[in-house]
Participant: 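Here's a structure for you.
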Amino acid sequence: MNTKARASLRRCKRVLVKIGSRVLTTGNGLNNRVIERICDDLSLLRDKGKEFAVVSSGAIAEGTAIMRIPDKKTALSKKQALAAIGQGSLIRAYNEAFRRYGYTTAQILVTRDDLDNRRRYLNIRNTFTSLFDLGAIPIINENDTVSVDEIQFTDNDMLSAMIIPLVEAQVMIILTDIEGIYSKDPRTNPDSTIIPEIIDLKPKDLKAYSDDANPMGRGGIKSKLQAAYRASLLGVPTVIASAYTPQVISQVLEGKEIGTYVHPRKKDMLNQKDHWMSFVSRPKGKVYIDDGAAVMVLTKGKSLLACGVEGVSGNFRPGDPVEIVQGSGETIAIGLSNFTSEEVFKIKGAGSRELSAILAYECDEEVVHRNNMILRKEIL
Ligand code: GLU
């Protein structure tokens, strides 16, 4: 194991900790012992100057326990109601646990829509900055009560990966009910061991790790690795470890070999805006381009010009993310459009000098500027 990489965790000041439903609930309600132990650990580290944002699941599981609902395959609308019931006790448990040390928590409930909109996304980032300035510990969860099916975060692992740039975390620690990523499925392979580190994780490797069924929370191992992969692109390492290990967060931040360490990318990292375009925002439309334009974009590092555009679909405004699709139907890039979808339709195929005349105003030359574009191959 690369001990230097682990040792670098000692220097991390801002840490994102994600805690899953399964460790927070017993089936009969919140597991207060686990919550208190984690908050003890966090508070003592906080005394030493570390800062934390916590992404906590458990609202639906807690609501289910409070209402004594046996069936876990509950309809979405009921889950939304159960989240509303459970979230209160969840946040109270954190409040009380941190209050013993004189620390204040702040509840942040977000929906996918809040992060999808760039202005709101940046506004949430300002709120986090203020919370850290005030010394509060943000406790984040999806606002399940108002999230509709198709726009939900896949799960809180994905939410955590999206939150990293907002809280400016230097490391993500995912606490779960297993010791880390196993080399083989431990239920059927007693000789399986914990993989201490994963270097250069790629989306195609994710399938190689078995997923586990999870009746309460939504994520599994695959989704934890997916989140770790997205963190790695930002240059942020992830440690996946067991919430039941005493002082697990202290141990991780001391650089001890505990859980699975997913290495961050060392070069070609994504900046915060590219990360948002790639993994947070949902494209609002598609711009279809010819093969010549695809070559310029893919291999020459050029912007997308109107002369290479063949078609457009969707309904978007300037600044919205759009998929750039090659004739073959393959999405080759995502970028922020300088025009509305109607305008792109009007200027498609036109030379750069004709644009202002067609649109009757002085406009940008590029449909999507290179600085606002990310190639798919850069994130795969
Ligand atoms: N937001 C859900 C809850 O608080 C959990 C989602 C997940 O487990 O990933 O119950």
Side-chain angles (χ1 to χ4, degrees), residues 16-32 34-35 38 53-95 97 105-115 124 138-164 166 172-178 206 211-231 238 240-243 279-280:
L16 178 66
V17 179
K18 188 262 169 179
I19 317 174
S21 297
R22 275 202 279 188
V23 295
L24 290 173
T25 51
T26 57
N28 288 321
L30 288 178
N31 190 340
N32 283 309
V34 168
I35 296 180
I38 294 174
V54 177
V55 172
S56 178
S57 307
I60 296 172
E62 170 62 355
T64 307
I66 293 174
M67 300 315 291
R68 298 175 202 274
I69 293 179
D71 181 15
K72 284 161 193 148
K73 287 201 177 56
T74 320
L76 178 70
S77 61
K78 199 152 180 189
K79 277 195 191 149
Q80 293 181 306
L82 293 172
I85 294 167
Q87 180 65 27
S89 335
L90 184 66
I91 203 74
R92 194 177 55 229
Y94 282 107
N95 274 339
T105 58
Q107 173 179 252
I108 308 248
L109 297 176
V110 284
T111 60
R112 185 80 208 260
D113 256 358
D114 298 325
L115 305 189
I124 296 174
I139 312 286
I140 306 144
N141 195 0
E142 179 166 4
N143 194 350
D144 295 299
T145 302
V146 298
S147 288
V148 274
D149 216 357
E150 61 275 15
I151 56 146
Q152 278 181 332
F153 295 103
T154 327
D155 52 52
N156 273 7
D157 298 318
M158 288 306 126
L159 167 62
S160 304
M162 293 186 201
I163 291 285
I164 291 172
L166 293 178
M172 172 161 73
I173 302 177
I174 299 183
L175 296 182
T176 181
D177 59 348
I178 53 169
L206 300 180
D211 210 342
D212 53 353
N214 184 353
M216 280 292 187
R218 292 205 293 268
I221 288 304
K222 211 146 100 198
S223 113
K224 287 173 183 46
L225 285 171
Q226 181 94 46
Y229 167 70
R230 293 179 182 191
T238 299
I240 301 166
S242 165
F279 301 121
V280 180

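Remember, it's 1-based here, ligands and their atoms both numbered in the order they're listed. For the single chain, residues carry numbers from 1 onward in sequence order.
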Participant: Backbone or side chain, does any N or O of D155 fall under 3.5 Å from an N or O of ligand 1?
Facilitator: no
Participant: Any N or O on D144 sitting closer than 3.5 Å to an N or O of ligand 1?
Facilitator: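 Yes - when backbone and side-chain N and O of D144 are compared with those of ligand 1, one distance drops under 3.5 Å.
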Participant: If you measure every N or O of N141 against every N or O of ligand 1, does any of those distances drop under 3.5 Å?
Facilitator: yes
Participant: Checking S160 against D157: is there a side-chain donor and acceptor pair closer than 3.5 Å?
Facilitator: no
Participant: Going by the atom numbers of ligand 1, which of them fall below 4.0 Å from some non-hydrogen atom of S21?
Facilitator: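 Contacts of ligand 1 toward S21, numbered from 1: 8 (O).
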Participant: Consider ligand 1: state whether an atom of it lies below 4.0 angstrom from any non-hydrogen atom of A83.
Facilitator: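 Heavy atoms of A83 never come under 4.0 Å of ligand 1.
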Participant: Begin with the C-alpha distance, continue with both residues' side-chain angles, and end with the deciding distance and a verdict on side chain to side chain contact (heavy atoms under 4.5 Å, CB included) for S56 and L24.
Facilitator: CA-CA 9 Å; S56 178; L24 290 173; 3.2 Å; yes
Participant: Please tell me whether Q87 and E62 have a donor and an acceptor in their side chains that are separated by less than 3.5 angstrom.
Facilitator: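 On atom types as modelled, these side chains do not qualify, holding no pair under 3.5 Å.
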Participant: Looking only at side-chain N and O atoms, does E142 offer a donor or acceptor that is under 3.5 Å from a partner on N156?
Facilitator: no
Participant: Taking a cutoff of less than 4.0 Å between a non-hydrogen atom of the residue and any ligand atom, is G58 in contact with ligand 1?
Facilitator: yes
Participant: Apply side chain to side chain contact (heavy atoms under 4.5 Å, CB included) to residues L115 and L166 and explain how you reach the verdict.
Facilitator: CA-CA 10 Å; L115 305 189; L166 293 178; 3.8 Å; yes
Participant: If you compare all heavy atoms of A228 against all heavy atoms of T238, which two are closest, and at what distance to 0.1 Å?
Facilitator: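 Shortest heavy-atom contact: CA-OG1, 3.5 Å.
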Participant: Counting only heavy atoms, which portion of A59 has something under 4.0 Å from ligand 1: side chain, backbone, both, or neither?
Facilitator: both
Participant: Given T64, N156, L109, which has its nearest heavy atom closest to atom 9 (O) of ligand 1?
Facilitator: N156
